[in-house]
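Working notes for the structure below.
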Number of protein chains: 2
Amino acid sequence: MAISGLMPKVTLREVAEHAGVHPATVSRALNPETQGMLNSETLARVLAAARELNYQTNTIARSLRTQRSLTVGVLIPDIMNPLFPSIVRGIEDTLDRADYTSLIAYTDGRVDRVDARLSRLRQRGVDGLIVATAQLRDPTLEELLAEGVAVVQINRRSTSKAIPSVTADAAGGMLAAIRHLAELGHERIAYAGAPLRVSTGRARLDAFRRGMRAAGLEVVAERIEQTQSVSVGEGARAGRELLARAPDLTAIVTANDLIALGCYDAVAEAGRSCPDDVSVIGFNDMPFTDRFDPPLTSVHFDQYEMGASAAAMLLRRLSGESSGAPRVELETTLVVRASTAAPPKQR
Amino acid sequence: MAISGLMPKVTLREVAEHAGVHPATVSRALNPETQGMLNSETLARVLAAARELNYQTNTIARSLRTQRSLTVGVLIPDIMNPLFPSIVRGIEDTLDRADYTSLIAYTDGRVDRVDARLSRLRQRGVDGLIVATAQLRDPTLEELLAEGVAVVQINRRSTSKAIPSVTADAAGGMLAAIRHLAELGHERIAYAGAPLRVSTGRARLDAFRRGMRAAGLEVVAERIEQTQSVSVGEGARAGRELLARAPDLTAIVTANDLIALGCYDAVAEAGRSCPDDVSVIGFNDMPFTDRFDPPLTSVHFDQYEMGASAAAMLLRRLSGESSGAPRVELETTLVVRASTAAPPKQR
DNA sequence: CTGAAAGCGCTTACAG
DNA sequence: CTGAAAGCGCTTACAG
């Protein structure tokens, strides 16, 4: 195929001249919706001319005229966070099939950057939004909703039930994690959580508490510590705190793999070993967890599917096919690796 | 800040009416380049009106008129390849500061997808391209070059010296890797390489050979194996091959961390251990290599900087500031971790 | 079934 | 210094 310059250079008018018809006729010939209006002979002639000249629709001109950019804004904390590449790929593959393109914007977890990012996306004329940065109470999202903007939340969600979302089933994952530990013989299970201002932090803490009770185990305040941000460093801090406050704990369940990695550090610093002295469980099952030392037992969900499903949901809204606010919860499963074992006293 | 709808709704004309001037005057007032033409009183009045109505330029309309989209196409194999998130982030942060946006497209390493991807980017009117998918012989890139398209190669480069590029210094990295092994006492060092149709594969193989000679070590054909693709699976295959053909090898240098991970598997399968029996060295130093089992000794370069530098280079071309074809080589350093140790016989 | 016209929201040479 | 006009490349009611 020939790449004939980056800006499209052949215009509708040139194709029209070549085929001896009016530009409007070319436009109709190239649009599957309006193709039927044309005499089949005319259609064939126009199509031949378009092919010959290697005509490509100028998306910018079309967008200005139709007031639709075929573009979707994707707001995420940071693509360098290992959770997001798969999600983004799932989104983009799905959008791509519908001839949509995504414009990605980063907040780096800073709430004060959201509006500026959104504003730039708006300038670019995005038709809808996929937002992975929802706060539990999120006035910005409420506002978008009120204005009828097509928006889908992903991974996290705000309290508003009116905004569609795709999240991971925290309850199922946590329950599986705790059951696994209980079956190994653990009783003094600690929890290192993610910030409570976002739904993942809140949901996983709730799920931990419920899961413990369901397993007939005691939820003790000293064995729960929240992080201020989702990072290895904060995970290590939380791990240290827990080990200092409750030295007899035998397992730490976490809200995130990075926090789990921090707990690895805290356990090692305390002169203990994972999994022999302390079992650790992550959440998200990020890439290469199976390569960690030790391989991390983690709650898994399909990240690519999360992205794909959110994009499909948004496309449905954009095409007017759906108007409800579905809240999809993706199945979570526990992937057992080598960071969990029977507690020391059992040996 | 108020988000007033996703598509920009306040137009230049409305601001003009509000300020009692002609739309052209508003346009001039909002453009720093033409602001100076205006009476300062008029300017102030227009700016006040624009602020009051929360006017945002409609990028699509502006692009159609100016024939510049302020958009750059980024062609990469796959964002799920751990090399790319940092590179992409470096690109986007740099573009962002110049009010450019990136449109990302994926090839999944398939040469036959390049033209279709490029074609879609063209439809979207991108002003330039950053390409991470260069083949050693790359007719598509030659064609783009011939048409005067602004394009920068990243990570890989084609043989054409006329296309600017930002790559990692393979020679320096390889030399450091081999020196490190030689100092530990290794002599029978093997190499598991990346496909030779891309520059990274070619450059790293050449660098390995030169490095070996520079260290006074023998380059033996049985101790060199190429992979068909850069993946853990192919790395394992290459590793097995090497261990079968040259069982007395004591170290494997690789062209990529994923290949190194595959070599971990091959070494384990052979009932040997890393680093006690076989040392392994990666290339790229992807995220979390320090968490692997064992932590991977790898050739490091600044991936974010690679992206940032390529984007800056492209912006310079787009603004007409530069017209040469710089070939930047980023410094590489060896990060020594626990996958390398003295060879067994030395113990 | 096809054409002619209008217009999406900007910018910029051209007047005055 | 500011306005009036043209036009970027499309699509789509409106005629015929």
Side-chain angles (χ1 to χ4, degrees), chain A residues 5-47 49-50 53-71 99 122-125 127, chain B residues 5-47 49-50 53-71 99 122-125 127:
Chain A
L6 258 191
M7 283 295 280
K9 13 173 72 141
V10 180
T11 67
L12 218 46
R13 206 160 60 82
E14 296 176 74
V15 177
E17 277 162 19
H18 201 81
V21 296
H22 192 271
T25 306
V26 179
S27 176
R28 292 185 186 109
L30 266 25
N31 181 347
E33 311 269 289
T34 51
Q35 236 167 225
M37 298 179 173
L38 302 187
N39 177 315
S40 64
E41 196 184 306
T42 315
L43 178 61
R45 191 151 38 96
V46 172
L47 260 26
L53 299 179
N54 189 27
Y55 173 76
Q56 304 272 97
T57 304
N58 180 326
T59 308
I60 290 171
R62 176 200 274 161
S63 294
L64 179 58
R65 172 61 231 236
T66 61
Q67 301 286 73
R68 302 190 64 207
S69 64
L70 298 184
T71 267
D99 277 320
R122 174 159 64 120
Q123 276 194 45
R124 294 266 170 186
D127 296 329
Chain B
L6 258 189
M7 283 295 279
K9 13 175 68 144
V10 179
T11 68
L12 217 47
R13 207 161 57 81
E14 296 176 74
V15 177
E17 277 164 18
H18 202 81
V21 296
H22 193 269
T25 305
V26 180
S27 176
R28 292 185 187 110
L30 266 25
N31 181 347
E33 312 269 287
T34 51
Q35 234 166 227
M37 298 181 174
L38 302 186
N39 177 313
S40 65
E41 196 184 306
T42 315
L43 178 60
R45 192 152 35 99
V46 172
L47 260 25
L53 300 180
N54 188 28
Y55 174 76
Q56 304 274 97
T57 305
N58 180 327
T59 307
I60 291 172
R62 175 199 277 160
S63 294
L64 179 59
R65 173 61 229 239
T66 60
Q67 302 286 71
R68 302 190 63 207
S69 64
L70 299 185
T71 268
D99 277 320
R122 174 158 63 119
Q123 277 193 44
R124 293 268 171 186
D127 296 328

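The analysis underlying the following values was restricted to heavy atoms, covering all of them including side chains, and did not include hydrogens, waters or symmetry mates. Per chain, numbering begins at 1; letters A, B, ... match sequence-line order.
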Side chains of residues 25-34 of chain B: which donor-acceptor pairs under 3.5 Å do they make with residues two or more places apart or in other chains?
from    : atom 1 : to      : atom 2 : distance (Å)
B/Asn31 : OD1    : B/Glu33 : N      : 2.8
B/Thr34 : OG1    : B/Arg28 : O      : 2.9
B/Thr34 : OG1    : B/Asn31 : O      : 3.2

Under 3.5 Å, sequence neighbours excluded: what are the donor-acceptor pairs made by side chains of residues 35-45 of chain A?
from    : atom 1 : to      : atom 2 : distance (Å)
A/Asn39 : OD1    : A/Glu41 : N      : 2.7
A/Arg45 : NH1    : A/Ala19 : O      : 2.5

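If you measure from atom CG of B/Leu70 to atom P of C/dT11, you get 11 Å, rounded to the nearest angstrom. The CG-C1' distance, from B/Asn58 to C/dC8, rounds to 9 Å in whole Å. D/dG9 atom C1' lies 13 Å from atom CD1 of B/Ile60, rounded to whole Å. C/dA5 atom P lies 15 Å from atom CZ of A/Arg13, rounded to whole Å. Look at CG on A/Leu12: it is 20 Å from P on C/dG7, rounded to the nearest Å. Note: CZ (B/Arg45) to C1' (D/dT2) measures 11 Å, nearest angstrom. Here C/dT12 presents its C1' atom at 15 Å from CZ of B/Arg68, a figure rounded to the nearest Å.
When the nearest nucleotides of DNA chain C are assigned to B/Ser27 and A/Thr66 by heavy-atom distance, the more 5′-ward of the two goes with A/Thr66. Place B/His22 and A/Leu64 on DNA chain D by their nearest nucleotides, and B/His22 ends up nearer the 5' end. Place B/Ala61 and B/Leu43 on DNA chain D by their nearest nucleotides, and B/Leu43 ends up nearer the 5' end.
Residues B/Leu53 and B/His18 are in side-chain contact: their nearest non-hydrogen atoms beyond the backbone lie under 4.5 Å apart. Contact check for A/Thr71 versus B/Arg124: side-chain heavy atoms found under the 4.5 Å cut-off. At least one side-chain heavy atom of B/Val15 sits under 4.5 Å from a side-chain heavy atom of B/Val10.
Judged by distance alone, the side chain of A/Asp127 and the main-chain N or O of A/Ser69 form a donor-acceptor pair under 3.5 Å. No donor-acceptor pair closer than 3.5 Å links the side chain of A/Thr57 to the backbone N or O of A/Thr59.
Of the residues in residues 31-41 of chain B, none has a non-hydrogen atom less than 4.0 angstrom from any atom of DNA chain C.
A distance of 5.5 Å separates CG of B/Leu70 from OG of B/Ser63, quoted to the nearest 0.5 Å. If you take CZ on A/Arg62 and CD on B/Gln123, they are separated by 7.0 Å, rounding to the nearest 0.5 Å.
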Which pairs, protein N/O on one side and nucleotides 13-16 of chain C N/O on the other, fall under 3.5 Å?
from   : atom 1 : to      : atom 2 : distance (Å)
C/dA13 : N6     : B/Arg28 : NH2    : 2.6

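Identified under the salt bridge (Lys or Arg N to Asp or Glu O under 4.0 Å) test for residues 10-22 of chain A, with sequence neighbours left out: A/Arg13-A/Glu17.
Distances shorter than 4.0 Å separate none of the side-chain N or O atoms of B/Thr25 from OP1 or OP2 on D/dT2. Of the side-chain N and O atoms in A/Gln67, none sit less than 4.0 angstrom from OP1 or OP2 of D/dT11. Phosphate contact (OP1/OP2 of C/dC10, side-chain N/O of B/Tyr55, threshold under 4.0 Å): present. Residue A/Thr11 places none of its side-chain N or O atoms closer than 4.0 Å to OP1 or OP2 of D/dG9.
The side chain of A/Arg65 sits closest to D/dG9 out of C/dT12, D/dG9, C/dG9.
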So A/Thr11 and A/Asn58, side-chain contact (heavy atoms from CB on, under 4.5 Å) or not? Walk me through it.
-> CA-CA 8 Å; A/Thr11 67; A/Asn58 180 326; over 6 Å; no
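Among the duplex regions that DNA chain D forms, those built from at least three successive Watson-Crick or G-U pairs under 3.5 Å are C:1-3 with D:14-16, C:5-12 with D:5-12, C:14-16 with D:1-3, ordered by first number.
The shortest non-hydrogen separation linking B/Leu64 to A/Ala61 is CD1-CB, 3.8 Å.
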